[in-house]
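No hydrogens, no waters, no symmetry mates; every other heavy atom, side chains included, goes into these values.
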There are 2 protein chains.
Amino acid sequence: MKGDVHDRTCPSRTLLDRIGDTWSMLVVIALADGSLRYSELAARVDGVSPKMLTQTLRALERDGLLTRTVHPVVPPRVDYALTDLGSSLLDLMRGLEDWAETHIGEVVEARNAYDAR
Amino acid sequence: MKGDVHDRTCPSRTLLDRIGDTWSMLVVIALADGSLRYSELAARVDGVSPKMLTQTLRALERDGLLTRTVHPVVPPRVDYALTDLGSSLLDLMRGLEDWAETHIGEVVEARNAYDAR
DNA sequence: CGGCATCCCCCGGGATACTG
DNA sequence: CAGTATCCCGGGGGATGCCG
């Protein structure tokens, strides 16, 4: 079964929102090299608030893109790791990251030119 | 010069927001095969309101991803076309579209499983 | 440590109506 | 045709405080 993002009623539309989300991208990329704890993610994803981090992690977990593992120890320890499905997004996410970092110069120039008109 | 999306102060962060935006993606993909008029875009990008379409087009134009050409005729005619920079995003956008459409089934299953817990 | 709850403000974005 | 203008509501998202 194939979705159609051009159909406004297709669920794949909501998926486009999720994978296009900045926090989602940064979290997925952060987990590229293996599982991380909540606090490690908070440190790596610069600027994210606890609320948004939790919200993003829950959404990604619900969509089956990552797993959440609670270790019953004191102090608590919770690990997050990409699923196979989540890993299949890595190349795409890194592609977007790379495009943004590579072309940001041109875009800033274009913005300046546009604003100066 | 290279940006760093992991730095919250880097302008490439705003760029990540823009290219991750659902309307931006759909507009860029719609323009893949050549220029389109405003009304043609409105028809192809299912569900977009005039306000969001205009807003999205202005943002993409400002970032140098597409050009806006006004023909001084009656009735008015305005064409939108990707720049080279915009075209360089096409593979990435189509990759995201394809991923979403291919994996939407698995994701819907994952959501149902999660919600049933 | 890893959250969830609450408050609150701002603005994204839809609907509708009007114009060059 | 290709927008702009206005209204208005819902929710995104930050700050703060509490808990197991």
Side-chain angles (χ1 to χ4, degrees), chain A residues 5-10 13-27 30-31 34-63 66-81 114 117, chain B residues 5 8-9 13-27 30-31 34-63 66-81 114-115 117:
Chain A
V5 296
H6 300 290
D7 175 3
R8 89 177 84 181
T9 67
C10 183
R13 266 288 176 88
T14 71
L15 194 46
L16 218 52
D17 275 325
R18 164 108 29 259
I19 62 183
D21 177 65
T22 301
W23 296 134
S24 295
M25 291 195 221
L26 295 176
V27 165
L31 291 173
S35 71
L36 290 177
R37 307 178 60 169
Y38 182 88
S39 51
E40 291 170 330
L41 279 169
R44 291 209 192 190
V45 182
D46 190 34
V48 71
S49 67
K51 177 180 173 178
M52 286 315 296
L53 182 55
T54 298
Q55 193 170 303
T56 301
L57 289 169
R58 286 296 178 282
L60 292 174
E61 183 193 4
R62 186 171 103 99
D63 286 355
L66 57 76
T67 58
R68 176 173 180 270
T69 307
V70 182
H71 302 277
V73 296
V74 181
R77 177 191 178 94
V78 180
D79 285 330
Y80 293 91
Y114 185 92
R117 297 187 328 170
Chain B
V5 296
R8 88 178 84 180
T9 67
R13 267 288 177 88
T14 72
L15 193 48
L16 218 52
D17 275 324
R18 163 111 31 262
I19 63 182
D21 178 63
T22 300
W23 296 134
S24 295
M25 292 196 222
L26 294 176
V27 165
L31 290 174
S35 70
L36 290 176
R37 308 178 58 167
Y38 182 89
S39 51
E40 292 171 327
L41 279 169
R44 292 207 191 192
V45 181
D46 190 34
V48 72
S49 65
K51 176 179 172 178
M52 285 317 295
L53 182 55
T54 298
Q55 193 171 302
T56 301
L57 289 169
R58 288 292 182 283
L60 292 174
E61 184 194 3
R62 187 171 103 99
D63 286 354
L66 57 76
T67 58
R68 177 174 179 268
T69 308
V70 181
H71 302 277
V73 296
V74 182
R77 177 191 179 95
V78 181
D79 285 330
Y80 293 91
Y114 185 92
D115 294 343
R117 298 187 322 170

**Item:** d(CG, D46(B); C1', dG14(C)) in whole Å
**Value:** 15 Å
**Prompt:** Just how far, in rounded Å, is P of dT16(C) from NZ of K51(B)?
**Reply:** 14 Å
**Request:** Compare side-chain N and O positions of R58(B) against OP1 and OP2 of dT4(D) and report whether any pair is under 4.0 Å apart.
**Result:** yes
**Nucleotide dG14(D), atom P - distance to CE of M52(A) in whole Å** = 6 Å
**Request:** Send over the distance from R37(A) CZ to dG3(C) P, rounded to a whole Å.
**Result:** 10 Å
**Prompt:** Under the criterion side chain to side chain contact (heavy atoms under 4.5 Å, CB included), which of T67(A), L41(A), V27(A) is the partner of Y80(A)?
**Reply:** L41(A)
**Prompt:** Would you say a side-chain N or O of Y80(A) is under 4.0 Å from OP1 or OP2 of dG3(C)?
**Reply:** yes
**Item:** Interatomic distance, L26(B) atom CG to T56(B) atom OG1 [nearest 0.5 angstrom]
**Value:** 9.5 Å
**Request:** Indicate whether the side chain of D79(B) and that of T69(B) have a donor and an acceptor atom separated by less than 3.5 Å.
**Result:** no
**Request:** Let me know the distance between CG of L57(A) and C1' of dG13(D), rounded to the nearest Å.
**Result:** 16 Å
**Item:** Phosphate contact (dG2(C) OP1 or OP2) by S39(A) side-chain N/O below 4.0 Å
**Value:** yes
**Asked** Nearest to the side chain of V78(B), which nucleotide is it out of dG13(D), dG3(C), dG3(D)?
**Response** dG3(D)
**Message:** For the CE atom of M52(B) and the CD atom of Q55(B), what is their distance to the nearest 0.5 Å?
**Reply:** 4.5 Å
**Prompt:** Can you check the D17(A) CG to dG12(C) P distance for me, whole Å?
**Reply:** 15 Å
**Asked** Within the pair R68(A) and dG3(C), is there a side-chain N or O less than 4.0 Å away from OP1 or OP2?
**Response** yes
**Asked** Where the side chain of P76(A) is defined as all heavy atoms beyond and including C-beta, which of dG2(C), dC1(D), dT6(D) is the nearest nucleotide?
**Response** dG2(C)
**Request:** Quick one: do R13(B) and D46(A) satisfy side chain to side chain contact (heavy atoms under 4.5 Å, CB included)? Show the steps, please.
**Result:** CA-CA 11 Å; R13(B) 267 288 177 88; D46(A) 190 34; 4.1 Å; yes
**Asked** In whole Å, what is the span from the CG atom of D21(B) to the P atom of dG12(C)?
**Response** 11 Å
**Rounded distance (Å) that lies between atom P of dA2(D) and atom CG of D79(B)** = 8 Å
**Asked** Which of these nucleotides, dG3(C), dA2(D), dG13(C), is closest to any side-chain atom of Q55(B)?
**Response** dG13(C)
